[in-house]
Every structure is written in structure tokens, then in C-alpha cells.
2 protein chains.
Amino acid sequence: MGITKSEIFTKEQNSIAKIAKVLGHPARIAILQSIIKSQSCICGDLVTEIGLAQPTVSQHLKELKNLGIIKGTISGTSVCYCINHENWNEIKAILNNFLNLNNLAENCCKI
Amino acid sequence: MGITKSEIFTKEQNSIAKIAKVLGHPARIAILQSIIKSQSCICGDLVTEIGLAQPTVSQHLKELKNLGIIKGTISGTSVCYCINHENWNEIKAILNNFLNLNNLAENCCKI
DNA sequence: TTTATACATTGCAATATTACGATTAATATT
DNA sequence: AATATTAATCGTAATATTGCAATGTATAAA
């Protein structure tokens, strides 16, 4: 039905999936890399740098902001975006926690 | 248009996004956690454990398999799935590499 | 061989996502 | 004030995803 049955999963599972879903688009990865690379706020150059139309970039920025991984302030006619370090670290911790789960597991399938 | 313009992004960006996209559903997180927890293969019990219909679980398994994060072998009438450790570690490395990018960045936005 | 079991595949309906043109809102510049 | 600049929002088309019933396939058990 195109609708995800979030209610049957744990908070943690939904949380991990929600983060991963937002990271699941190359434009959003590109935006994050660009913000990080600039070591500060980025403004309008994003549109030319990413290569998508301005409304599209704006939409991706909104999703990143909703997740809390970036934050922005209006400065003049432009908007200034940067990483929300506190949230980024939390997201990193949640993903790392999941990614490190399998340390003890052994292979069992042969193919 | 619902279609992702992968061609305008780097291989790395597409790679990160592809991994994250597959992890971006709670059912697939639940399946992975279940496989890891059992330390060995899980078969049809996944369906009762996850709480989704068998074709739906089968579809999620297919996506995980396509990404290479799990592998499966037929054993009798059932199929045995487990983590593909080599690929899991590679996926972990790719994600970690991205998640650790911002170590040097400083805050600049005030809100 | 027949029947049961376990899983994959197909087909479909509901919903979500992606992308962009047009428009709007807000501030800067003149 | 008039105009320019920047980015958000709205509306919409194209495509993707989610979920499941029905069906198909393969092995096991009888």
C-alpha cells in the first residue's frame, strides 16, 4: 500500500530507518558533504554546486533540517546552513551502534 | 518525476545513498537485527517475528540480498539467511567514512 | 504420486518520493 | 518606492515504494 507500518516496529528500529531514509538520496549526501567541506555556512552556491533546480535543493534541505542534521539561519537575503553537531553526533552514535551489532556473529551460510 | 538523477552525483555519493536507502526501512532493520541476534540462520520464523506478510518479508529480504548485506542458502524446504560479513564490513566502512567527515568543522549558525 | 511446507514471483492498489515551473515572501540595493 | 536577489512553498507529473492476495516452484513427507 505504499505506507510503512511503523507501529509494528520498535522505536529504535524506526529511528535507525528514519535516519537512513533521509541519507538515502545522493543529493542529500552531496549537500551534507558540501556543507562540511566549506567548514562553515553555505548559501546560494549550493544550487549550482549540486546541479538540481532550486526548489528541489530547497526540498532536500528541508528534509535534512527536519531530521535535525543541519540547521539554518536567515542572514540577509540568503539562508545560512550548517551542520547541527549535537544531532550529527547523536545520529552517528545511533548508526554506529547498529553497525557494530554483528561483531560476535559467525558465518553460517556457505553461499 | 520520482526519478533520482544519479548521473549528476559522484560514485561515492551514490554508493552511500544506495546503502542508506536499503537501511531506510524499519522492517529491514528488524530483519537484520533478528539475523544478527540469532547468531545463525533464520528462516521462515522471520515472518512471525516481524509481523508482515510472507511476500512482504520476502521482498525486503531480496533488497537486502541485492545490496549484498545478507546471503541465503536453500536447505531443504527452507532458506537460510545470514549476514555477509565481508560486505557488512565494507558497508560499515563506507558509512563510517562519511559519518566521520565533520570532525574538523566548527559551528557557525547561531540557531 | 499425492500432499504439505517454505519461499519466491506476479500483479495490483495505495501511498511516497523526486523534480521542477510558477509563485510567494523577505530582505537588499538603487 | 521600485527593483533585484534569494530561497521557501505550492501544485503537479512522473516514478518508486510498500504491502498483500494469488499464484508459482521446489523440496520433503506420506
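Naming: A, B, ... by sequence-line order, numbering from 1 per chain.
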- [ ] Starting from C1' on D:dG19, measure out to CG on B:L46 and report it in whole angstrom.
- [x] 17 Å

Open item on the list: Using 0.5 Å steps for rounding, measure from the OG atom of B:S34 to the CD1 atom of B:I50.
Closed with: 5.5 Å

TODO: Rounded to the nearest angstrom, tell me the gap between atom CG in B:L61 and atom P in D:dT17.
DONE: 17 Å

- [ ] Might you confirm whether atom CD of B:E90 has over 12 heavy atoms from other residues, nucleotides or ligands at distances under 6.0 Å?
- [x] no

TODO: Give the B/S/- string for nucleotides 21-30 of chain C, one per nucleotide from 5' to 3', where a protein heavy atom under 4.0 Å of the base yields B, of only the sugar-phosphate yields S, and otherwise -.
DONE: BB----BS--

TODO: Return the nearest nucleotide to the side chain of B:T4; candidates are D:dT9, D:dG19, C:dA19.
DONE: C:dA19

Open item on the list: A side-chain contact here means heavy atoms from C-beta on lying under 4.5 Å apart; do A:L101 and B:K37 qualify?
Closed with: no

TODO: Quickly work out the B:L64 CG to D:dT18 P distance and round it to whole Å.
DONE: 11 Å

Open item on the list: Judged by each residue's nearest nucleotide on DNA chain D, which is more toward the 5′ side, A:S6 or A:S58?
Closed with: A:S58

Task: Toward the 5' end of DNA chain C, by each residue's nearest nucleotide, B:K62 or A:E63 - done: B:K62

TODO: Give none if C:dT30 has no partner; otherwise give the nucleotide forming a Watson-Crick or G-U wobble pair with it, both distances under 3.5 Å.
DONE: D:dA1

Task: Any B:H60 side-chain N or O less than 4.0 Å from OP1/OP2 of D:dG19 - done: yes

TODO: Could you tell me whether the side chain of B:L95 reaches within less than 4.5 Å of the side chain of A:L23, counting heavy atoms only?
DONE: no

TODO: Please work out which residues in residues 12-30 of chain A have a non-hydrogen atom less than 4.0 Å from an atom of DNA chain C and list them by number.
DONE: A:K21, A:H25, A:R28

Using a 3.5 Å cut-off and no angle test, enumerate the donor-acceptor pairs between side-chain atoms of residues 53-64 of chain B and protein atoms at least two apart in sequence or in another chain.
{"residue": "B:H60", "atom": "ND1", "partner": "B:R28", "partner atom": "NH1", "Å": "2.9"}
{"residue": "B:E63", "atom": "OE1", "partner": "B:R28", "partner atom": "NH1", "Å": "3.4"}
{"residue": "B:E63", "atom": "OE2", "partner": "B:R28", "partner atom": "NH1", "Å": "3.3"}

TODO: Specify whether A:W88 and B:F98 have parallel, tilted or perpendicular ring planes, treating 30° as the upper limit for parallel and 60° as the lower limit for perpendicular.
DONE: tilted

- [ ] May I ask you to say what A:T56 touches in the nucleic acid, namely base, sugar-phosphate or nothing, with a heavy-atom cut-off under 4.0 Å?
- [x] base

Task: Side chain to side chain, B:I69 and B:V22, heavy atoms closer than 4.5 Å - done: no

- [ ] Using whole Å, report how far CD1 of B:I70 lies from C1' of C:dC7.
- [x] 13 Å

Task: Listed nucleotide nearest any side-chain atom of B:I3, set C:dC20, D:dA7, D:dA16 - done: D:dA16

TODO: Verify the contact: side-chain N or O of B:Y81 to OP1 or OP2 of C:dA6, cut-off strictly under 4.0 Å; return yes or no.
DONE: no

Task: Nearest-angstrom distance from the residue atom NZ of B:K5 to P of D:dA14 - done: 15 Å

TODO: Give a yes/no answer on whether the side chain of B:S78 brings an N or O atom under 4.0 Å of OP1 or OP2 in C:dA6.
DONE: no

Task: Between P of D:dT5 and CG of A:D45, the distance in whole Å - done: 16 Å

- [ ] Check the distance between C:dC12's P and B:Q59's CD and give it to me in whole angstrom.
- [x] 15 Å

Open item on the list: A side-chain contact here means heavy atoms from C-beta on lying under 4.5 Å apart; do A:F9 and B:L52 qualify?
Closed with: yes

Open item on the list: Donor-acceptor pair, distance only, cut-off 3.5 Å: does the side chain of A:N14 make one with the backbone of A:S6?
Closed with: yes

Task: Side-chain heavy atoms of B:I70 within contact of B:N84, under 4.5 Å - done: no

Open item on the list: How many whole angstroms separate atom NZ of A:K65 from atom P of D:dA7?
Closed with: 12 Å

